[in-house]
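Written out below as structure tokens is the structure these notes cover.
Numbered from 1 within each chain, the chains take letters A, B, ... in sequence-line order. Quick caveat: nothing in here was measured; it's all calculated off a predicted structure. Worth knowing before you read on, the calculation uses all heavy atoms, side chains too, and leaves out hydrogens, waters and symmetry mates.
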There are 2 protein chains.
Amino acid sequence: MPKADTRIQKKNQAAILSAALVVFSQFGFRGSTLDQVADEAGLSKPNLLYYFPSKEAIYTTLLARLLENWLEPLKNIKADGDPVEELLAYATHKLEMSQHFPRESRLFANEIIQGAPRIGEVLRGELRELLGELAIVINGWAEAGKIRPVDPYHLIFSIWAVTQHYADFDVQVRAILGDADPFEGAHAHIEAMLRALLTPAGSNP
Amino acid sequence: MPKADTRIQKKNQAAILSAALVVFSQFGFRGSTLDQVADEAGLSKPNLLYYFPSKEAIYTTLLARLLENWLEPLKNIKADGDPVEELLAYATHKLEMSQHFPRESRLFANEIIQGAPRIGEVLRGELRELLGELAIVINGWAEAGKIRPVDPYHLIFSIWAVTQHYADFDVQVRAILGDADPFEGAHAHIEAMLRALLTPAGSNP
DNA sequence: CGTGCCTTTGACCAGTTGGTCAAATATCGC
DNA sequence: GCGATATTTGACCAACTGGTCAAAGGCACG
């Protein structure tokens, strides 16, 4: 077990996690093998296990790292900003994550579909609390007449659903759109949808 | 290899497919084992392979059956109906499928996330064509001023995304909502979203 | 250039995997 | 109740799985 992080350790750990992301995001935890990960990382299987104690450890390291990036942007929604623009910025950020880090999204999707055996606690704990606070903010906006009244939870669900769809169902989206870039149209559509839903009646820019 | 379908054959094949749906929808093809399926079905592993030639065959049978139910409701959208109501009915139907057949949704999601190795052809063929026709209908509605102008493809994507989210991410949704039934709020929210997006300016019911 | 530590690997292991097969057992038409 | 046929299963197999380990190969530093 390495204590300090030498150059070579950093390099190999990064290579392993990167390879593991590729493999786990496609096949899920149980469907992936250490040989696949080792192959993808260009290392031997025993060498993987020199840097990580087990397959499980690689996977959970990946998940933990992901959860940080997952929860953080939620906290950036400012109660004193313009409501529609705040929510739009969040949705745009999530869509860009789908565009640039689709594997992370698929890894997460795999874990949730599997029943979230390793992150259920986080979902029922930190995430739930975070969303509770956000719901209060959104409800405040609605009561102040700054947005139309909406269910804050289902609003967030729909933002998650639509943005992650472009990463998780990438193959399907591209099968239908052909050569066109999905993300341009996606952004415009999501913006239109959120503005239509949220902009209070009587607002004419 | 059974030729005719006796009572016992129908029963066992149904039991196998039902068990396979439970297992495959949770762990994906590679993450599932025949022993799991056999256990769930209450049969021995060699007995499974008496009714189906391989693990692969069970899985593809499940997928083929699923695709039928998946594509059919798309065809029920009538060009001469009321646009908003037609699309709303479709979304409602999809949401009800998420509610009552979440495993089917997760099986499909697993297959797509995996890269759709077994149904890529259908996506690029039948599904794409079907959506092409639907896009023409929706564009027609927009040109006739019956709905606001929208990208028909991304509109459908967002309906798929939001409705399937409640099946595929069921665990996450319930972790956040607690005891509340997700589907009541979901239906109301989706209806509100679609009406806001689609109802042309100046329509006041 | 040698010594101590970090890194890498080939050989190996026990358990699991999808799948086979011959023999046993149940079912059905007569 | 009998023979033919359909169904079920225990024993088995080769390939693969996650993981171990001792030995070998590099590397840095005196």
Side-chain angles (χ1 to χ4, degrees), chain A residues 1-64 107 110-111 114 117-118, chain B residues 1-64 107 110-111 114 117-118:
Chain A
M1 294 155 212
K3 308 173 186 182
D5 273 12
T6 71
R7 282 142 212 112
I8 194 166
Q9 277 176 22
K10 275 188 188 166
K11 192 193 69 177
N12 280 345
Q13 280 177 3
I16 291 170
L17 288 175
S18 167
L21 178 62
V22 170
V23 176
F24 284 135
S25 67
Q26 190 174 356
F27 300 109
F29 179 71
R30 298 203 31 185
S32 304
T33 74
L34 283 181
D35 286 303
Q36 280 179 287
V37 178
D39 252 34
E40 180 78 29
L43 299 172
S44 68
K45 185 170 62 173
N47 208 2
L48 288 200
L49 295 164
Y50 172 72
Y51 289 102
F52 290 88
S54 66
K55 180 188 179 186
E56 177 94 20
I58 301 178
Y59 184 72
T60 52
T61 301
L62 226 43
L63 265 189
L107 184 80
N110 252 314
E111 174 70 11
Q114 232 213 26
R118 295 152 224 275
Chain B
M1 293 156 215
K3 306 174 186 179
D5 274 13
T6 71
R7 283 142 211 112
I8 194 165
Q9 278 176 23
K10 274 187 185 166
K11 192 194 70 178
N12 279 345
Q13 280 176 1
I16 291 169
L17 288 175
S18 167
L21 177 62
V22 171
V23 176
F24 284 135
S25 68
Q26 189 173 358
F27 301 108
F29 179 72
R30 298 202 32 183
S32 304
T33 74
L34 283 181
D35 286 303
Q36 282 179 286
V37 178
D39 252 32
E40 180 79 29
L43 298 173
S44 67
K45 186 170 60 172
N47 208 1
L48 289 200
L49 295 164
Y50 172 73
Y51 290 102
F52 291 88
S54 66
K55 180 188 179 186
E56 176 95 20
I58 302 177
Y59 184 71
T60 53
T61 301
L62 225 44
L63 267 189
L107 185 78
N110 253 314
E111 174 69 11
Q114 232 213 26
R118 295 151 224 275

Report yes if at least one side-chain N or O of B:Q9 is closer than 4.0 Å to OP1 or OP2 of D:dT7; otherwise report no.
yes
Rounded to the nearest 0.5 Å, how far apart are CG of B:N12 and CG of B:L17?
11.0 Å
Nearest-angstrom distance from the residue atom OH of A:Y59 to P of D:dG18
14 Å
Rounded to the Å, how far apart are B:Y51 OH and D:dA6 C1'?
8 Å
Output the rounded distance in Å from CG (B:L48) to P (C:dG19).
11 Å
Integer-rounded Å distance: C:dT7 C1' and A:Q13 CD:
13 Å
Please state how far atom CG in A:D39 lies from atom C1' in D:dT17, giving the value in whole angstrom units.
15 Å
Return the value, rounded to whole Å, for the distance between atom CG of A:D35 and atom P of D:dG19.
12 Å
Closer than 4.0 Å, any side-chain N/O of A:N12 to the OP1 or OP2 of C:dT8?
yes
What is the separation between atom CZ on B:R30 and atom P on C:dT16, rounded to the nearest whole Å?
19 Å
Whole angstrom value for the distance that separates P of C:dT8 from CZ of A:F52
13 Å
Below the 4.0 Å mark, does D:dT8 have OP1 or OP2 next to a side-chain nitrogen or oxygen of B:Y50?
no
So, the side chain of A:S18 versus the backbone of A:A15: is there a donor-acceptor pair under 3.5 Å, distance only?
no
Tell me what A:I8 touches on the nucleic acid: a base, only sugar-phosphate, or nothing, going by heavy atoms under 4.0 Å.
sugar-phosphate
Nearest to the side chain of B:L34, which nucleotide is it out of C:dG18, D:dA6, D:dT17?
C:dG18
Where does the angle between the aromatic ring planes of B:Y59 and B:F29 fall among parallel (under 30°), tilted (30 to 60°) and perpendicular (over 60°)?
tilted
Look at the side chain of A:Q26 and the backbone N and O of B:Q114, then say whether any donor-acceptor pair between them is shorter than 3.5 Å.
yes
Only one of B:K55, B:E111, B:Q36, B:R30 clears side-chain contact (heavy atoms from CB on, under 4.5 Å) with B:F24; which?
B:K55
Nearest to side-chain heavy atoms of B:N47, which nucleotide of D:dT9, D:dG19, C:dT7:
D:dT9
Once you apply a heavy-atom cut-off of 4.0 Å, does A:L49 come out as touching a base, just sugar-phosphate, or nothing?
base
Taking donor-acceptor contacts at under 3.5 Å, does the side chain of B:K45 reach the base of C:dG18?
yes
Which one, C:dT7, D:dT8, C:dT20, comes nearest to the side chain of B:P46?
C:dT20
